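Just so it is clear, the model here is predicted, and its values are computed rather than measured.
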Amino acid sequence: MNNGPAPLVSEMAERGAFPFRRRYGVGLLAVLDPLIPTLDVMIAYQLLFGAYTGVVPDGIADLGLDDIEWAGDEKILLSYVKGRTAAESLALSRQATRLLEQWLDHSAVARRFAPEELRQELWVRFTPGGTRAGERWLAKPPTHLSLCGWVKRRQAVDEEGHPTQMSGDNGLPLALHRHRIRTTHDALKDRSHWRGSRRTTLDPNRSPGVEGDHYLTNTTPAQREAAEDIIAQAQEDLVRRAMPPLVLATAEMADLVENYPEHMKRLGLDDDALAQLLSGERDVFTAACGDQLSGLHGPKGKPCPARPWVCLLCPLALFAPRHLPNLLRLRAFFSRQWQQMTTAEFIPVFGPYAHRLDEILTPDRYFSEHALRAAAAEVTDCDVELPLRPEEHTV
């Protein structure tokens, strides 16, 4: 090895292809591997370097010795080119610096005997199987087939298709996407905030599916039933919100039965109940309620505890001309809330109800413009007009 590995390989190759492979397998491999990093070793270094630094694969592959600038004895300033943008620089962490130092030491022998034009490349390596001496020294990044072979030899398996994991439950070969190694880098940075945090019980390196398997499926039958009830209620709520409002321009029962047969079937009310609904005996603040004891927004058999604006999206609500003043008072309340809340605060709390209210109060859609103006004359635009809790008052 005084003259490097190339003369030894050339001598063995001259004896024929089969003896070369046989001798390389049992002899030359044992000599070269401790001295010169193999392709598998270089792939491992590059993967770790990407995880430690977050540098993109093309930036790592093109690194040279002149891209490494020492700032003192223990700090490296790395310059690299990100293909989609431009030249960038990065101060390496202590962990990444130690890894780079280890690679430089590990590849020192290969760099010593490499051709002059390759000695400044960071990832220079020797390939004994090359047909010519110039092809045995390489500084090219590993190919996709090389990465697949590396994964297979190490029996690395995937965790539900997550490209940055090395183990899992499905046992499929790891789909190694080096451009997403930065995900591991970001997750490692997140761990610095774990101490003293509730996140210490969760691992950001796991995929959502595995987190669910580990932390959400270990439940009792009663807990599973409760979770399924919550899901069912949420789905029913979405369906109810998609239903059109039940609005009557007059208080005639015949119009209600004729124009809204699907609503009547859903409410399941007899003639006496319909008469109460139209006469105002079942009125709440903004609408007439088909059944206040149905338990849509509270315990079944008890009066509904919902706030006045919740009725706007309730399938049991019926809006008639007599409700216009209160509906306009509610719109004024939404306007006051909009002025004192940010958009991000207002939309989740009042957004769906304000949208439905605008739909109901659109002129000439359900009510005439004359009726809307007459009702607006009764509104004074103050909180005392609405049944509000202390925390709901506007400034």
Side-chain angles (χ1 to χ4, degrees), residues 186 190 193 197-199 201-202 204 207-209 211-212 215-216 219 223-247 263 266 284-292 294-300 302-319 323-363 365-366 372 376 379-395:
D186 294 336
D190 287 343
H193 305 290
S197 170
R198 289 177 296 178
R199 291 188 59 199
T201 58
L202 301 176
S207 66
E211 282 293 327
Y215 297 104
L216 300 180
T219 57
Q223 290 172 329
R224 287 196 296 271
E225 184 177 354
E228 290 172 357
D229 288 342
I230 293 173
I231 295 172
Q233 291 172 11
Q235 292 173 338
E236 291 174 358
D237 183 59
L238 291 175
V239 172
R240 287 197 299 268
R241 291 189 178 198
M243 292 180 179
L246 179 56
V247 183
H263 291 284
R266 185 184 72 249
V284 288
F285 183 75
T286 53
C289 182
D291 185 4
Q292 280 192 298
S294 66
L296 286 183
H297 303 288
K300 289 185 179 297
K302 294 185 178 182
C304 179
R307 309 303 299 132
W309 47 86
V310 174
C311 298
L312 292 168
L313 296 177
C314 182
L316 300 177
L318 182 145
F319 304 95
H323 301 123
L324 279 177
N326 282 346
L327 290 172
L328 290 170
R329 292 184 179 104
L330 192 58
R331 172 185 270 182
F333 170 73
F334 287 159
S335 178
R336 296 194 296 273
Q337 290 287 358
W338 174 263
Q339 294 174 11
Q340 72 177 21
M341 300 171 69
T342 66
T343 303
E345 293 171 340
F346 181 88
I347 294 300
V349 179
F350 298 114
Y353 307 108
H355 178 74
R356 173 56 62 86
L357 188 58
D358 288 341
E359 180 184 357
I360 295 173
L361 297 180
T362 299
R365 181 169 186 176
Y366 297 106
L372 291 172
V379 179
T380 60
D381 194 13
C382 60
D383 286 345
V384 296
E385 295 182 311
L386 293 91
L388 300 175
R389 296 169 180 167
E391 66 273 13
E392 296 169 348
H393 284 271
T394 57
V395 178

S.K.: Distance-only, no hydrogens or angles: does the Arg356 side chain make a donor-acceptor pair with backbone N or O of Leu312 under 3.5 Å?
M.R.: yes
S.K.: So how far is it from Leu357 CG to Leu328 CG, rounded to the nearest 0.5 Å?
M.R.: 7.5 Å
S.K.: Taking all non-hydrogen atoms of both residues, which atom of Pro325 and which atom of Val379 are closest, and how far apart?
M.R.: O-CG2, 3.8 Å
S.K.: Minimum heavy-atom separation for Cys311 and Ala317, please, with both atom names.
M.R.: O-CB, 3.3 Å
S.K.: Taking all non-hydrogen atoms of both residues, which atom of Asp383 and which atom of Arg336 are closest, and how far apart?
M.R.: OD1-NH2, 2.7 Å
S.K.: Would the distance check show the side chain of Thr362 and the main-chain N or O of Asp358 forming a donor-acceptor pair, the cut-off being under 3.5 Å?
M.R.: yes
S.K.: What is the minimum heavy-atom distance between Ala287 and His323, and which atoms define it?
M.R.: C-NE2, 3.4 Å
S.K.: Just so I know, are the side chains of Leu316 and Ser294 near enough to count as touching, which here means a heavy-atom distance under 4.5 Å?
M.R.: yes
S.K.: Determine whether Asp381 and Phe333 make a side-chain contact, defined as any pair of heavy atoms from C-beta on separated by less than 4.5 Å.
M.R.: no
S.K.: When you look at Arg365 and Val247, which way does the side-chain contact (heavy atoms from CB on, under 4.5 Å) test go after all the steps?
M.R.: CA-CA 10 Å; Arg365 181 169 186 176; Val247 183; over 6 Å; no
S.K.: Taking only residues two or more places apart in sequence, or in another chain, which ones meet Gln337 in a side-chain hydrogen bond (donor to acceptor under 3.5 Å, both in side chains)?
M.R.: Gln340
S.K.: Test of understanding: with side-chain contact (heavy atoms from CB on, under 4.5 Å), list the residues that count as partners of Glu392, not counting sequence neighbours.
M.R.: Arg307, Trp309, Leu388, Arg389
S.K.: Tell me if the CD atom of Glu359 is crowded by more than 12 foreign heavy atoms within 6.0 Å.
M.R.: yes
S.K.: Please name all residues satisfying ring pair (Phe, Tyr, Trp, His ring centres under 6.0 Å) with Phe285, sequence neighbours left out, ordered by chain then number.
M.R.: none
S.K.: In a check of side-chain contact (heavy atoms from CB on, under 4.5 Å) between Phe319 and each of Leu327, Leu361, Leu246, which one passes?
M.R.: Leu327
S.K.: Can you classify the ring geometry of Phe346 versus Phe350 as parallel (below 30°), tilted (30 to 60°) or perpendicular (above 60°)?
M.R.: tilted
S.K.: Going through the checks in order, is the side-chain hydrogen bond (donor to acceptor under 3.5 Å, both in side chains) test met by Asn326 and Thr286?
M.R.: CA-CA 6 Å; Asn326 282 346; Thr286 53; over 6 Å; no
S.K.: Give a yes or no on whether His393 atom NE2 has more than 12 heavy-atom contacts from other residues, nucleotides or ligands under 6.0 Å away.
M.R.: yes
S.K.: Nearest heavy-atom pair of Pro352 and Leu313: which atoms, and what distance?
M.R.: CB-CD1, 3.9 Å
